[in-house]
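Remarks on the structure that follows.
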Protein chains: 2
Amino acid sequence: MAGKGAKDKLLEAAKELFYTGGIHATGIDKVIETAGVTRMTLYKYFPSKDDLILAVVELKSREVLEQTRMRVDAAPGNAGDKIMALFKILQQFTDDAGFCGCPFTNAVAEYSDPSHPVHAAAAKHTEAARGYLTELCRSAGAKEPDLLADQLSILLKGAVVLKALEGSCQVVRAARAAAVVLITAQGVELSEETLGA
Amino acid sequence: MAGKGAKDKLLEAAKELFYTGGIHATGIDKVIETAGVTRMTLYKYFPSKDDLILAVVELKSREVLEQTRMRVDAAPGNAGDKIMALFKILQQFTDDAGFCGCPFTNAVAEYSDPSHPVHAAAAKHTEAARGYLTELCRSAGAKEPDLLADQLSILLKGAVVLKALEGSCQVVRAARAAAVVLITAQGVELSEETLGA
DNA sequence: AAGATAGTATACCGATCGTTCTATCTACAA
DNA sequence: TTGTAGATAGAACGATCGGTATACTATCTT
């Protein structure tokens, strides 16, 4: 408790509650109760619930991008192997006990209006993730890095939402196998370790 | 309006409102106002809002499966071409003005608990769709029809949710191109018309 | 010592939520 | 004509929603 201010506690609580219980279905009372904070404190840092939601989405975006970059950097092998490391990250993410689908897809499901700040923030995150993936594909020497990045994005996102829908564990493996085909079709080499896994 | 009973009007209104505005965010009042029906009438046919939601999801499932089967049957070409027709259906679906992502993914985003009837209904639909797709892949002579069906499901679902997230129109084309690669890798032949499109 | 900072406690607001009750109107049979 | 069943309109329920107001208490700086 010592180092954590009320704002961080609120963001942490809201992040978890919004993700697992949905945004509209999660009331302010639940958030402040979980955070162990007073209502007035919440409204000091976040003038409205929408501001809190937006802050949560932006926080989640930063965390996902940062953690992904770190783990890809730490992955062994060549540039192609580093791309494939994304599917290992995906596997662990979807196997987590608290997994409830893609936080950004979930947010957009509740805010379909593209002009809404929450929708826009989720879209911005997806754009950033796409940019990072394109960069990876380019440095791996893919013939069409933009197309490959699109396709891998589709595979990753599709696997996440399908896993949330049906809970089957084979879906991530299928996505991984598809990625191997698409990546090698683009002239990118994968090491034996990656192909054998 | 003549032949339509109150129950159908309610289902139609709720289907539209839940899809575009979200389920929790759509109140009973909005539903009955849109349907042009009194509140007591709603509660006669649906004892609670949850029952209405469930009925809407199940209705949507039947509609999607039926329409998809019809359009695939009507598609020209061999069995592989019929699979690829799914991406044309997808294109039209995502280009529609009222497009708001995948209705079932959206529902699960608001009902993450797998034991909740709404979640279960969405999962059941996905299972049915998967079964149909597997059947298509098998009759097309794919080497691993189960794997291919998984991968195509991932591509279709991923394209839908990414399109909802970022609105880009290239994502469906990328999914289609990936499907061509994966399908031909499974030894399924595609006609010239399909490959050239 | 004084004052700012950060947070607590709680009571309250109007609006809306899902749901139920009641009073009224209508249609048809006896 | 009267009785009755069913649909309708709308008030009202308690609960909860997001948000505000007022008053109090630590803690830390200067």
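Residue numbering restarts at 1 for every chain, and letters A, B, ... go by the order of the sequence lines.
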Ile32(A) CD1 to dT8(C) P, straight-line distance once rounded to whole Å: 10 Å

DNA chain C contacts made by residues 18-27 of chain B, counting heavy atoms under 4.0 Å: Thr26(B), Gly27(B)

Candidate nucleotides dA9(C), dT8(D), dG7(C), ranked by approach to the side chain of Tyr45(A) - the nearest: dG7(C)

Whether over 12 other heavy atoms sit under 6.0 Å from Glu127(B) CD: no

Side-chain donor/acceptor contact of Arg39(B) with base of dT19(C) under 3.5 Å: yes

Asp51(A): side-chain hydrogen bond (donor to acceptor under 3.5 Å, both in side chains) partners, not counting sequence neighbours: Ser48(A)

Rounded distance in Å - CG (Asp29(B)) to P (dA9(D)): 14 Å

Within 6.0 Å of CD in Glu189(A), more than 12 heavy atoms from elsewhere: no

Side chain of Tyr43(B) - closest among dT19(C), dA7(D), dT8(D): dT19(C)

Value in whole Å for how far the C1' atom of dT8(C) lies from CG of Leu10(A): 13 Å

side-chain N/O Thr41(A) vs dA6(C) OP1/OP2, d < 4.0 Å: no

Between dT5(C) (P) and Lys7(A) (NZ): distance, integer Å: 16 Å

Gln170(B) side, atom CD; Arg173(B) side, atom CZ - distance, nearest 0.5 Å: 7.0 Å

Between dC17(D) (P) and Leu17(A) (CG): distance, integer Å: 12 Å

Whole angstrom value for the distance that separates P of dT8(C) from CG of Leu42(A): 11 Å

Test side-chain hydrogen bond (donor to acceptor under 3.5 Å, both in side chains) applied to Glu193(B) - qualifying residues, sequence neighbours left out: Ser191(B)

Candidates dA9(C), dG7(C), dT20(C) - which lies nearest the side chain of Met40(B): dT20(C)

Touch class at under 4.0 angstrom, heavy-atom based, for Lys44(B) against every strand present: sugar-phosphate

Short side-chain N/O contact to dT8(D) OP1/OP2 from Thr38(B), under 4.0 Å: no

Cluster overlap Val161(A) with Leu165(A), hydrophobic side-chain contacts below 4.5 Å: no

Parallel, tilted or perpendicular, as decided by the 30° and 60° cut-offs, for the rings of His116(B) and Tyr111(B): tilted

side-chain N/O Lys49(B) vs dT19(C) OP1/OP2, d < 4.0 Å: no

Value in whole Å for how far the P atom of dG18(C) lies from CD of Glu33(B): 14 Å

Rounded interatomic separation in angstrom, taking CG from Leu54(A) and P from dG18(D): 17 Å

